[in-house]
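A short write-up of the structure that comes next.
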Amino acid sequence: GILTPLYEWAMTKHDRDKEKLVGEYVPLNSETEVLDVGCAVGTFLLHLKEKHACKISGVDFKENLEYPGFDQIEFYLGLFYDQNIKENRFDLITMWHFLEHDYDPNKSLQMAGKILKKEGKLIIEVPRFDSFTYKLFGRKWPGVQAPQHTALYSNKTFNQMHEKNGFNVVKY
């Protein structure tokens, strides 16, 4: 109907915001290989492919994911760190609200380090245990989401974990 363009604009805002963020760190073009860990139905990946012709891959543990265009994604089913993915392959790995659900975040970071190219970038978004909203809501903070969230991070623990696994945190 008449509101369809507004609806589509609102629904793709997250993907446009993510594109803008990753574009600050990685050139997005037809040579760029991107892996989204915890990709769900792959809307972010499909957005990058449509706008920049990126080569797109995704990992998720959910079976039978369906979405228009999902068949364009090189999809890996199961735990990220159990996948057989070529080393030094990706220019960009993203984890949008994935790491707080991960059973073994250190193992996932080690996997990311193996499959990223030498100059590749890893971009992660997680709820912060030391955030303003945590201070505001306390025990009722929506970021806890037990038992779905298996790990929570503060600035300090997040940075320590990444440095322990061989990453240099460029921006937090």
Side-chain angles (χ1 to χ4, degrees), residues 11-12 14-128 148-153 155 157-172:
M11 294 306 291
T12 60
H14 259 323
D15 294 334
R16 292 191 316 271
D17 290 346
K18 291 175 186 178
E19 171 199 6
K20 184 178 178 183
L21 175 69
V22 301
E24 294 177 26
Y25 300 97
V26 177
L28 297 172
N29 56 52
S30 62
E31 298 301 312
T32 309
E33 289 211 45
V34 180
L35 175 69
D36 187 17
V37 181
C39 70
V41 296
T43 61
F44 172 65
L45 292 168
L46 293 168
H47 177 79
L48 291 182
K49 182 172 182 160
E50 181 181 319
K51 293 267 314 235
H52 304 283
C54 295
K55 298 171 187 163
I56 56 174
S57 302
V59 178
D60 210 300
F61 61 88
K62 300 172 191 163
E63 289 187 66
N64 302 318
L65 292 170
E66 289 187 30
Y67 187 80
F70 192 76
D71 59 339
Q72 300 174 53
I73 299 169
E74 180 183 335
F75 182 69
Y76 297 89
L77 175 64
L79 297 172
F80 173 49
Y81 46 76
D82 286 344
Q83 301 305 312
N84 185 18
I85 301 173
K86 182 183 165 211
E87 291 186 18
N88 303 311
R89 176 177 169 190
F90 292 99
D91 301 291
L92 170 66
I93 297 176
T94 58
M95 297 179 178
W96 308 109
H97 286 270
F98 162 78
L99 212 53
E100 69 270 21
H101 297 271
D102 196 356
Y103 299 124
D104 194 337
N106 287 301
K107 205 170 179 181
S108 287
L109 291 174
Q110 291 161 12
M111 175 68 163
K114 282 182 9 186
I115 64 175
L116 269 174
K117 290 179 181 175
K118 184 178 180 185
E119 298 300 319
K121 302 294 183 211
L122 172 63
I123 296 180
I124 298 172
E125 182 177 65
V126 293
R128 281 192 15 232
Q148 298 95 333
H149 289 181
T150 59
L152 294 172
Y153 305 97
N155 184 347
T157 59
F158 186 81
N159 289 329
Q160 285 175 339
M161 181 177 64
H162 285 81
E163 289 169 4
K164 171 185 162 189
N165 287 289
F167 287 93
N168 296 319
V169 178
V170 174
K171 184 176 179 184
Y172 182 85

For this session: Report yes if the side chains of Glu31 and Lys55 come closer than 4.5 Å at any heavy-atom pair, otherwise no.
Result: yes
Exercise. Closest approach of Phe70 and Ala40, non-hydrogen atoms and distance?
Worked result: CE1-O, 3.5 Å
Exercise. Taking all atoms of both residues into account, what is the closest heavy-atom pair of His162 and Val169, and its distance?
Worked result: CB-CG2, 3.9 Å
Exercise. Looking at Phe44, does the NZ or CZ of Lys18 lie under 6.0 angstrom from its six-membered ring centre and within 45 degrees of the ring axis?
Worked result: yes
Problem set entry | Any side-chain heavy-atom pair of Leu122 and Met95 under 4.5 Å | yes
Exercise. Which heavy atom of Glu66 sits nearest a heavy atom of Val41, and at what distance?
Worked result: O-CG1, 3.8 Å
Problem set entry | Taking every non-hydrogen atom, the tightest pair across Ser57 and Tyr76 | CB-CE1, 4.3 Å
Exercise. Can you check side chain to side chain contact (heavy atoms under 4.5 Å, CB included) on Val26 and Thr94, steps first, answer last?
Worked result: CA-CA 11 Å; Val26 177; Thr94 58; over 6 Å; no
Exercise. Above 12 or not: heavy atoms from other molecules or residues under 6.0 Å from CD of Glu24?
Worked result: yes
Exercise. Is it true that Arg16 and Glu50 have a side-chain N and a carboxylate O under 4.0 angstrom from each other?
Worked result: no
For this session: With side chain to side chain contact (heavy atoms under 4.5 Å, CB included) as the test, would you mind laying out the steps for Phe75 and Asp60 before giving the verdict?
Result: CA-CA 8 Å; Phe75 182 69; Asp60 210 300; 3.8 Å; yes
Seminar exercise, completed: d(His47 NE2, Leu28 CG) to nearest 0.5 Å is 9.0 Å
Problem set entry | Separation of Met111 CE from Ile93 CD1 (nearest 0.5 Å) | 8.0 Å
Exercise. Has the side chain of Tyr153 got a donor or acceptor atom that lies under 3.5 Å from a matching backbone atom of Leu99?
Worked result: yes
Exercise. Do we see a donor-acceptor contact under 3.5 Å between the side chains of Tyr81 and Gln83?
Worked result: no
For this session: Answer whether the closest heavy-atom distance between the side chains of Gln72 and Leu46 falls below 4.5 Å.
Result: yes
Exercise. Is any side-chain heavy atom of Cys54 less than 4.5 Å from a side-chain heavy atom of Glu33?
Worked result: no
For this session: Count the heavy atoms belonging to other residues, nucleotides or ligands that lie under 6.0 Å from NZ of Lys117, then report whether that count exceeds 12.
Result: yes
Exercise. What heavy-atom pair brings Ile56 and Leu45 nearest, and what distance separates the two atoms?
Worked result: CG2-O, 3.4 Å
Exercise. Heavy-atom distance under 4.5 Å between the side chains of Asp102 and Phe80, does that happen here?
Worked result: no
Exercise. Do other residues, nucleotides or ligands put more than 12 heavy atoms under 6.0 Å from the CG atom of Asn88?
Worked result: yes
Exercise. What pair of heavy atoms forms the shortest contact from Asn165 to Gln110, and how long is it?
Worked result: OD1-NE2, 3.0 Å
Problem set entry | Pairwise distance CD1(Ile124) to CD(Glu100) - rounded to 0.5 angstrom | 10.0 Å
Exercise. Taking atom types as modelled, is there a side-chain donor on Asp91 or Thr32 under 3.5 Å from an acceptor on the other?
Worked result: no
Exercise. Any side-chain heavy atom of Asn168 within less than 4.5 Å of one from Glu163?
Worked result: no
Exercise. With side chains defined as the heavy atoms from C-beta onward, is the minimum distance between Phe90 and Val34 less than 4.5 Å?
Worked result: no
For this session: Measure the spacing between NZ of Lys86 and NZ of Lys114 and express it to the nearest 0.5 Å.
Result: 14.0 Å
Problem set entry | Within 6.0 angstrom of His97 NE2, more than 12 heavy atoms from elsewhere | yes
